Structures are given as C-alpha cells and as structure tokens.
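What follows is a set of notes on a single structure, which appears directly below.
Keep in mind that this is a model prediction, so the values were computed, not measured. Here is the naming used below: chain letters follow the sequence lines, and residue numbers restart at 1 for every chain.
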There are 2 protein chains.
Amino acid sequence: MDTALANDNRTLAERVFTRLQDDIVLGVFEPGQKLGEAELAARYGVSRGPLREAIRRLEARKLLERIPHVGTRVAALELRELIEIYRVREALEGLAARWAAEQMGAAEIAGLWELLEQHEQQQDLQEDVAYYQREGDLDFHYRIIQGSHNGTLVDLLLNEIYYRVRRYRYQVSLNLHRPQRALDEHRRIAEAIAARDGELAELLMRRHISRARKYLENHDD
Amino acid sequence: MDTALANDNRTLAERVFTRLQDDIVLGVFEPGQKLGEAELAARYGVSRGPLREAIRRLEARKLLERIPHVGTRVAALELRELIEIYRVREALEGLAARWAAEQMGAAEIAGLWELLEQHEQQQDLQEDVAYYQREGDLDFHYRIIQGSHNGTLVDLLLNEIYYRVRRYRYQVSLNLHRPQRALDEHRRIAEAIAARDGELAELLMRRHISRARKYLENHDD
DNA sequence: CTTGAAAAGATTGTCGACAATAAACAGGCT
DNA sequence: AGCCTGTTTATTGTCGACAATCTTTTCAAG
C-alpha cells in the first residue's frame, strides 16, 4: 500500500486535486485547519508545483480558503451560509426535478426505482447508519440532478454546492433524525417523475429541501 | 506604459489571473483559440508557474478548456449551452429579484433608480451603442443580484454564469434589437422592488430573461 | 500518390532552488 | 511586567531547468 498517489495516467496535478478534495470532503482535515504546502506536498508525494495548482482549483470550489503570503486553510461553512445555500438549492433542485420528469429516459427512471428499493432494504440492517443514510440521500439527489439533462444545472449543483455541503457536520444529524420520512418523500418524488408530472416533482422536491432547511434553522447548534 | 503587469501589492498569480480573464471576456482572444503557455507567459511578463495557477482558476470558471499534455484553449460557448444557461438564469435571477425586493436597503434602491435614469438618458447620445447597452444591462442585473444579500446566489450568478455569458458574441445582438423594451422591463422590475413586491419582481425578472432566451432560440445563427 | 513508421521539434508536466514576505522570537526600554 | 523593535526562522511566491508527452516532419515502402 502506497500512501502516495497511485500510478494512473492522469497528471500529478489532477491526482493530487482529487485526493486532496476527498480528504477535505471526507473530513480527514478539520474545517479551519491550516494546511502548509510543504506538509501537503510530502503527504501526497509531489512537489509544490502541481500541489499549488490543485489548491487553486479547490479554492475556486470554496473548499479551501487562501490568504496571499499567509497560507491555506480548510473552508469552514457557517450554519448561516448553509441555510443560504439551502435556499438556493431549493430553487435549483426543484428545477432539476421538473426537468428530470420531462427528460429522464425509461432506463434512468428504472434505475431510480432500483436505488430506492435498495435504500429501503438497507434501512434496517446497516451498521453505520448515519453514513449510509447520508450517502443514500446523495445518490438519489445525484440521479435526479443528472436526469435534468442540463449541463449547467448539473455543474452548478454538483461542483459548486454539493461538495461544500457534503462536508458539513450538521448534515449528518439532518436526515438521521427523520429517516423514514426522507425515504417517503423520495418515493413520492420518484412517483411524480415516473408519471412525467414535472410540476408535481418540482413542488415535492422544493418541499423536501425546504423541510430540511427548516430543520437546520430550528437546530442552530 | 508597460505591457507587463502593473506593480501593485497583489501576487503575480493574482494579477495574471485578472488580466487573462479580462482578455478573454473582452474578446482579445477568440473562442476556441489555442493559448500556449510560453506565449502567455511572455505576454504578461511572468514565468509559467503563476501563469498555470491562473489557468487552473479560469478553467474552474469555464473560461478556459484544458486537455492534459495538449494545451489550453479559450472556451467556446455553443448556442445550445447559452440557452441552457438562460433557463437556469431565469430561476436564479428570479430568486434574486424576489429577495432584492425583500432585502434591499433604501440607499440601494435609490442607486438602482439613478442607474436607470442614467441609462435612459445615455440611450440616444451614445456612439458605441452596442457596448454601452450591454454594459448598462449588466449594471442593472448586477445591482439586483447584489441586492439579494445572499452570498451563494451572488457567487453562482456572477462568478459561474455572468463571466461566461459576457463573452458571447450573440449577447450583443440580443438587447441591441430590443433596446427600449429592455429598458421598460427594467423599469417595471425596479418599481416592483421599490414597492417591496417580491412576488411581482420575480415574475417580471423571469419574464425578462425568458424573453431574451426565446429571442436566442429564434435567431440561432 | 498514399500510407505508415521513425526521428526531430515543440509544448506541457514536474521539480528543486532562491527570493520575498510574514510569523516567531529575543532583547532592551519605560 | 508590558511593550516596542530588531533579528531570526518558517512559509509562501517565483523562476529556470529538465523530463515526459504530444505534434510535426521526414522518408521509405507499397
């Protein structure tokens, strides 16, 4: 097992970008933690050149914050910002659901059902409940976003919003406290999409995300 | 006059990022044009290190496209993509207008009126009509977006969408062919915001952008 | 003339060294 | 002691050189 970067055909800058992003999103580094370039370069086994390119890209994604001549730290997402994001997400994912209902192919819809059934079965027998619930929730939303068949919308939601939100600690508690309800809401959304009812799909998706936001607003710890 | 980067306190990487972005947005480089690193480094008077950092950031903004081991070219926006963007913009700027109506301070609203009057007066006596009309339109939309007081929304619209759209050549013809109408629509939106009618402001903004999109769809040249 | 392979050339990818700046420290002064 | 100031140390910013890869050219075979 090599702690350095695996030997694939991508450039070092690409690989260190991916690994560093994963380490941030998966919580290997704490929000607000200072990340020295020498330290990171050693960790990933590269020189500072490609590392800095990766840092610049992650900075653009708001996963890292950078002060010239001072250094880089892991971006910390305030609850206030998270709620702001949810308000925007409500509109964007509502759109995604509407367009998904209009655009998704039969195969895509079948895949969505399959995913839902998996999650309902896993529901009981999973050990690390929090983790799998969160990932399951993400899977479902990913599918619908992709189903919108609008590249701009997919890019905004996945690259700009989801990477930031995934790393938020309160995200965990969110669906953990309303597991069955989230699944029910997912099922209804899937039904609307299968029925090609874009208007309803948008409404349900907006409500789904709005509920999550209100939950956040009432548990501002 | 120095063709290289001015001597301010920002780092070279920051300055070359700004200049290169301007050169792309202002059309100094053609969409699709290949940009060699040596060429660019010479142009801006820096080495390839900071230049590559700037390129990575502009790539993240979708102003540049990059293929490993091959090179960088100016991103070309297809009409199809532009229309996709407008569909998303419709939702996002509709939101911005709604929140601006709810959040903008009295001073901000006064500034918006001032801006409108300026544009109406400039309307006739301007030489480079196309340019000033486009910039005027942008000014107005910028203000409203900022007025939403939602950092995420501002960031998505300005950094992810506006920089891409500004460089699109058909953008010019868009409002050029409907100058007075665009101004009227702007005025109505401003009125709704001043009246604190978020619902109406959103409706009018969506319609404003929707019209522009339909214009694009019917003039797909 | 076309096709394909090999060689030459040009461009991108990566690295280590040095310069510039900020942070940490030490010593003297009030 | 507390605080200012000069010095040392550590970190980031920039550069030029070399390696790796792709592109173009050359040239011979069919």
Would A:R19 pass as a cation-pi partner of A:Y44, given that its NZ or CZ must be under 6.0 Å from the six-membered ring centre and within 45 degrees of the axis?
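Judged by the rule, A:R19 and A:Y44 form no cation-pi pair.
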
Using the ring of B:Y162 (Phe, Tyr or Trp, six-membered ring only), decide whether B:R166 places NZ or CZ under 6.0 Å from its centre and within 45 degrees of its axis.
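That pair does not qualify as a cation-pi contact.
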
Separation of A:E39 atom CD from D:dA10 atom P, in whole Å?
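Atom-to-atom, A:E39 to D:dA10, this comes out as 15 Å.
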
Atom pairs, N/O to N/O, protein against nucleotides 6-13 of chain C, distance under 3.5 Å?
from   : atom 1 : to    : atom 2 : distance (Å)
C:dT12 : OP2    : B:E37 : N      : 3.1
C:dT12 : O3'    : B:H69 : N      : 3.3
C:dG13 : OP1    : B:H69 : N      : 3.1
C:dG13 : OP2    : B:R52 : NH1    : 2.5
C:dG13 : OP2    : B:R52 : NH2    : 3.1
C:dG13 : OP2    : B:R66 : NH2    : 2.8
C:dG13 : N7     : B:R48 : NH2    : 2.7
C:dG13 : O6     : B:R48 : NH1    : 3.0

Once you round to the nearest 0.5 Å, how far does CD of B:Q21 lie from CG of B:L64?
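Interatomic distance, B:Q21 CD to B:L64 CG, rounded to 0.5 Å: 9.5 Å.
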
Less than 6.0 Å separating the ring centroids of A:H141 and A:H186?
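Aromatic pair counts; centres sit under 6.0 Å.
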
Indicate yes or no: does A:E14 engage B:R56 in a salt bridge with an N to O separation below 4.0 Å.
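B:R56 and A:E14: salt-bridged.
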
